[in-house]
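First the structure, in the form of structure tokens, and then the observations on it.
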Amino acid sequence: MSGSKLSNPAAKNDLSDSPLAMTVHAMPRPGEVVQADAERTRMGRWKMLAVLLICASPVIASYFTYYLVRPEGRRNYGELIQPQKDIPQVSAHNLQGEVVPLASLKGQWLLVNVASGACAERCQQNLYFQRQLREILGRDKDRLDRVWLIPDDAPVADALLPALSMAHVLRLDMAAVQRWISPAAGQQLQDHLYVVDPMGNFMMRFPANMDVASASKAKRDLERLLKASASWDQAGR
């Protein structure tokens with residue numbers, strides 16, 4: 001028919017059968033797989049270590065500042081503990097008989113007294129200095145908790161309870177106490193007040209038989225510790 005457009009069969013795509021092109025990848029060798037896994041594991045560990053160092057750097061810096069970068073002539077009143085002793089992974093009991101994991105004390109600076117529940121004269125004096133040292137820290141006092149560890153079953157006198165309302169009073173087995181806290185040579189546990197950092201490390205003890213004059217020196221040590229750790233430690237757990 002005139003004017004009609006007919007398609008040219010020769011112009012059509014060739015639809016004849018042709019083999020499919022396939023690319024064959026070589027299977028990985030077992031040795032290469034093991035090597036790649038080892039490399040990934042090694043890189044993962046380095047990354048984890050880098051993250052831990054970044055997180056710990058403020059703590060390390062504050063301890064470096066307090067222990068090493070100090071003006072000449074300045075001395076600590078308290079004795080620094082080396083190596084520091086980490087908090088035991090055990091539980092204590094409060095005066096109501098409730099179980100309290102000792103690790104729950106982490107997150108705050110601690111001023112620790114260790115004495116029998118009978119609380120003789122030295123114990124009562126240490127409880128008094130505990131309370132006074134915390135109060136005179138002013139706005140930083142909420143960064144420090146008072147702790148009385150009782151390693152026996154002796155009852156606590158009712159007359160002491162009002163002054164202990166803001167303190168952690170915990171009964172803890174003597175063996176657990178001794179794994180964490182230790183007195184100076186020739187002294188008893190109840191003779192000192194002890195300092196524990198927010199990570200649970202026993203890191204300082206004040207000289208035995210504290211009095212009013214020595215309490216002012218202890219106050220300066222606490223102020224220095226709180227100042228050095230201000231960049232990473234805040235009140236509350």
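For the single chain, residues carry numbers from 1 onward in sequence order.
At most 12 non-hydrogen atoms from other residues, nucleotides or ligands lie less than 6.0 angstrom from NZ of K217. With a 6.0 Å radius and a threshold of 12 heavy atoms from other residues, nucleotides or ligands, E121 has its CD atom at or below the threshold.
Minimum interatomic distance between Q190 and A115 (heavy atoms only, all atoms of both residues): CB-CB, 4.2 Å. Between V99 and P101, the shortest heavy-atom distance links the atoms O-CD, 4.0 Å. Contact between D145 and Q108 at its shortest, heavy atoms only, is OD1-NE2, 3.3 Å. Taking each heavy atom of F202 and W180 in turn, the nearest pair found is CD2-O, 3.0 Å. Taking each heavy atom of V147 and Q130 in turn, the nearest pair found is O-NE2, 2.9 Å. In terms of heavy atoms, K106 sits closest to I87 at CE-CG2, 3.3 Å.
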Item to check | Stepwise side chain to side chain contact (heavy atoms under 4.5 Å, CB included) check, I150 with L170 | outcome: CA-CA 6 Å; I150 303 176; L170 301 173; over 6 Å; no
Checklist entry - Should R179 and V90 be marked as a side chain to side chain contact (heavy atoms under 4.5 Å, CB included) after you check the CA-CA gap, both sets of side-chain angles, and the distance that decides it? => result CA-CA 11 Å; R179 288 202 303 271; V90 297; 3.5 Å; yes
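Between S182 and Y194 there is no side-chain heavy-atom pair separated by less than 4.5 Å. Proximity of M174 to L189: side-chain heavy atoms (C-beta onward) are separated by under 4.5 Å at one or more points. Contact annotation: the side chain of V195 approaches that of L111 to within less than 4.5 Å [non-hydrogen atoms, C-beta and beyond]. Contact of the D233 side chain with the R143 side chain is registered, since non-hydrogen atoms from C-beta on lie closer than 4.5 Å. Side-chain atoms of K219 and E223, non-hydrogen and from C-beta on, do get closer than 4.5 Å to each other. By the 4.5 Å heavy-atom criterion applied to side chains, Q178 and P151 are not counted as neighbours. The side-chain heavy atoms of D191 and F206, taken from C-beta on, include no pair separated by under 4.5 Å.
In the hydrophobic cluster analysis, where Ile, Leu, Val, Met, Phe, Trp and Tyr join through side-chain heavy atoms closer than 4.5 angstrom, L137 is grouped apart from V196. Following chains of ILVMFWY side-chain contacts shorter than 4.5 Å, one can reach M204 starting from M210, so the two form part of one hydrophobic cluster. L95 and V112 are members of different hydrophobic clusters when ILVMFWY side chains are connected at heavy-atom separations under 4.5 Å. Residues I81 and W109 do not share a hydrophobic cluster, defined by chaining ILVMFWY side chains whose heavy atoms lie under 4.5 Å apart.
Judged by distance alone, the side chain of R205 and the main-chain N or O of E79 form no donor-acceptor pair under 3.5 Å. In this structure a side-chain-to-backbone donor-acceptor pair under 3.5 Å is missing from Q84 to L80. In terms of modelled atom types and a separation under 3.5 Å, the side chain of Q89 and the main chain of L102 share no donor-acceptor contact. Side chain of Q125 to main chain of D211: no donor-acceptor pair is present (N/O by atom type, distance under 3.5 Å, no hydrogens or angles). Of the possible polar contacts, one joining the Q124 side chain to the C119 backbone as a donor-acceptor pair under 3.5 Å is found. Using modelled atom types, no side-chain atom of N113 and backbone atom of N126 make a donor-acceptor pair closer than 3.5 Å. Distance alone, capped at 3.5 Å, is enough to place a donor-acceptor pair between the D152 side chain and the A154 backbone. For the pair D221 (side chain) and Y77 (backbone), a donor-acceptor distance under 3.5 Å is present. Remark: side-chain polar atoms of S229 are paired, donor with acceptor, to backbone N or O of L225 under 3.5 angstrom. Looking only at distances, no side-chain donor or acceptor of Q187 sits under 3.5 Å from a matching main-chain atom of H192.
Not counting sequence neighbours, F129 has no partner by the ring pair (Phe, Tyr, Trp, His ring centres under 6.0 Å) test.
The line from CG of L144 to CG of L133 is 8.5 Å long, rounded to the nearest 0.5 Å. N201 CG to D197 CG: the interatomic distance, rounded to the nearest 0.5 Å, is 4.0 Å. S216 OG to Q132 CD: the interatomic distance, rounded to the nearest 0.5 Å, is 13.0 Å. Considering CZ of R134 and CE of M166, their distance stands at 6.0 Å, rounded to 0.5 Å. Atom OH of Y128 sits about 15.5 Å away from atom SG of C123, to the nearest 0.5 Å. Note that CZ of R146 and CD of E135 are 7.5 Å apart. Values are rounded to the nearest 0.5 Å.
Tested against R171 for a side-chain contact (heavy atoms from CB on, under 4.5 Å), the candidates V100, L149, V156 yield a single pass: V156.
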